[in-house]
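Here is the structure we will look at.
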Amino acid sequence: GTAVQAIGLVKDYGQGENLVHALRGVDVAFQRGRFTAIMGPSGSGKSTLMHTLAGLDSATSGRVLLYGVGSSKSSSHKHPSGSQHVADSQYADPHSFVDITKLGDNQLTLLRRRSIGFIFQSFNLLPMFTAEQNILMPLTLEGAKPDRSWLDLLVTTLGLQGRLNHRPSELSGGQQQRVAIARALVTKPTIVFADEPTGNLDSVSSAEVLSFLKRSVTELGQTIIMVTHDAVAASYADRALVFADGRIVADQVNPTAEEMS
Ligand code: ADP
Ligand code: ADP
């Protein structure tokens with residue numbers, strides 16, 4: 001099924017002489033359990049797409065539908081009154097959706113915490129906390145208890161056994177990024193956005209992190225959208241979208257990845 005979908009997504013920045021058309025009407029859907037790379041030159045709209053899909057940036061027009069975030073009883077599309085209810089993702093119906101462009105700030109914040117994961121170029125780990133505390137932070141902030149079997153699965157899949165009591169400074173760059181991946185996945189989000197996740201890593205650590213990202217998709221059924229400049233990084237994905245001047249100009253399925261699934 002679909003995890004997230006953009007319909008006629010337009011984003012302008014500035015006005016008058018400074019008007020920039022960052023997204024010129026983007027239509028795209030991302031399927032669950034897939035790993036998509038977004039490529040394209042600097043300034044082509046990749047980050048803007050990611051930020052509008054994640055509700056970090058408001059769209060000028062168009063819709064962004066996030067699936068599987070409302071319960072079947074209270075899914076937003078059954079409430080034309082406009083009071084959109086973001087239910088606990090534990091009770092999520094994969095077919096219910098919310099149009100995030102219609103949500104208020106508080107609802108968006110809740111939705112981001114519960115249903116969207118982020119992986120950054122700079123890892124963004126908290127230095128005073130152990131790897132395990134960092135991984136659990138999204139749940140700690142919500143006052144929620146971890147699902148121990150999911151946590152164990154994440155730690156094993158990401159090869160972090162024996163590293164959980166280390167602080168970030170005691171870990172290599174690749175290990176720090178794997179902790180950040182586990183943190184992004186700990187809430188079982190609908191979708192995970194990775195912004196140049198290998199931008200700060202050498203080629204050996206990059207390859208390691210990318211293969212762990214790929215395992216998170218194939219073995220754990222997670223859904224990842226990765227922005228990257230790097231064709232080698234993109235080759236790990238199931239699909240590559242290429243942006244130019246605010247539009248998708250190519251949409252390729254990776255033949256190697258297809259054979260494997
Ligand atoms: P990419 O991620 O592909 O490098 P961006 O999405 O960052 O591209 O940028 C797309 C266009 O929007 C560029 O022309 C950029 O200068 C412009 N842009 C991005 N963010 C802002 C902003 N906050 N204010 C004004 N213009 C912006
Ligand atoms: P769907 O039924 O459309 O695949 P689900 O929300 O049921 O959507 O799950 C999506 C994927 O996430 C599943 O295929 C599964 O691999 C993975 N997943 C979700 N929760 C867990 C979990 N607790 N343990 C292992 N995998 C999980």
Side-chain angles (χ1 to χ4, degrees), residues 3-31 34-66 99-105 108-109 111-112 115-124 173 177 180-181 184 189-201 203 206 209-210 213-214 217 223-254:
V4 63
Q5 182 176 15
I7 302 169
L9 196 62
V10 170
K11 176 65 181 179
D12 295 334
Y13 288 110
Q15 47 192 314
E17 281 182 4
N18 298 320
L19 180 65
V20 174
H21 300 294
L23 298 177
R24 298 171 182 266
V26 171
D27 294 286
V28 65
F30 299 93
Q31 302 304 310
R34 291 295 169 130
F35 183 12
T36 304
I38 301 183
M39 305 193 69
S42 185
S44 57
K46 305 182 296 295
S47 306
T48 303
L49 177 69
M50 194 165 71
H51 292 157
T52 41
L53 290 179
L56 292 167
D57 220 344
S58 64
T60 302
S61 62
R63 306 173 73 195
V64 174
L65 308 184
L66 198 66
D99 180 351
I100 70 159
T101 64
K102 303 283 194 291
L103 296 180
D105 286 348
L108 261 182
T109 302
L111 180 94
R112 268 200 303 272
S115 307
I116 301 179
F118 294 96
I119 298 164
F120 307 93
Q121 183 169 344
S122 52
F123 321 138
N124 289 9
Q177 192 60 302
I181 295 168
T190 301
I191 193 141
V192 173
F193 295 99
D195 193 356
E196 298 277 1
T198 57
N200 278 343
L201 298 174
S203 59
S206 290
V209 162
L210 288 161
L213 262 185
K214 193 172 178 64
V217 175
T223 307
I224 300 182
I225 300 179
M226 169 178 73
V227 168
T228 183
H229 280 98
D230 180 7
V232 175
S235 72
Y236 285 79
D238 304 315
R239 176 188 183 194
L241 293 178
V242 183
F243 259 79
D245 195 22
R247 288 193 179 88
I248 294 170
V249 294
D251 185 349
Q252 294 287 336
V253 170
N254 183 346

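Atoms within each ligand, like the ligands themselves, are counted from 1 in listed order.
For atom 13 (C) of ligand 1, a protein heavy-atom neighbour is present inside the 4.0 Å cut-off. Distance screen at 4.0 Å: atom 20 (N) of ligand 1 has a protein heavy-atom neighbour inside the cut-off.
If you check which protein heavy atom lies closest to atom 27 (C) of ligand 1, you get Y13 CD1, 3.3 Å. Distance from atom 3 (O) of ligand 1 to its nearest protein heavy atom, with residue and atom name: K46 NZ, 2.8 Å. Atom 6 (O) of ligand 1 has T48 OG1, 2.5 Å as its closest protein atom, hydrogens excluded (heavy atom only).
A donor-acceptor pair under 3.5 Å is formed between the side chain of K11 and the backbone N or O of S58. In this structure, the side chain of K46 does not engage the main chain of V227 through any donor-acceptor pair within 3.5 Å. Judged by distance alone, the side chain of Q177 and the main-chain N or O of F120 form a donor-acceptor pair under 3.5 Å. Under a 3.5 Å cut-off, the side chain of N254 and the backbone N or O of R239 do not form any donor-acceptor pair. At least one donor-acceptor pair closer than 3.5 Å links the side chain of N200 to the backbone N or O of Q121. No donor-acceptor pair closer than 3.5 Å links the side chain of S115 to the backbone N or O of R112.
When non-hydrogen atoms are compared, ligand 1 lies under 4.0 Å from the side chain of V20 (C-beta onward) but not from its backbone.
By the 4.0 Å heavy-atom criterion, G45 is counted among the residues contacting ligand 1. By the 4.0 Å heavy-atom criterion, G14 is excluded from the residues contacting ligand 1. Contact between G246 and ligand 1 is absent, with no heavy atom of the residue lying under 4.0 Å from the ligand.
In the model, D99 has a side-chain atom that pairs as donor or acceptor with a side-chain atom of T101 under 3.5 Å.
Taking every heavy atom of P41 and a limit of under 4.0 angstrom, the matching atoms of ligand 1 come to 3 (O). Proximity to S44 (heavy-atom distance under 4.0 Å) selects the following atoms of ligand 1: 1 (P), 3 (O), 8 (O).
No option in I38, D195, L241, V28 other than I38 meets the side chain to side chain contact (heavy atoms under 4.5 Å, CB included) test with I225.
Comparing G43, S47, S42, A244 by heavy-atom distance to atom 10 (C) of ligand 1, the nearest is G43.
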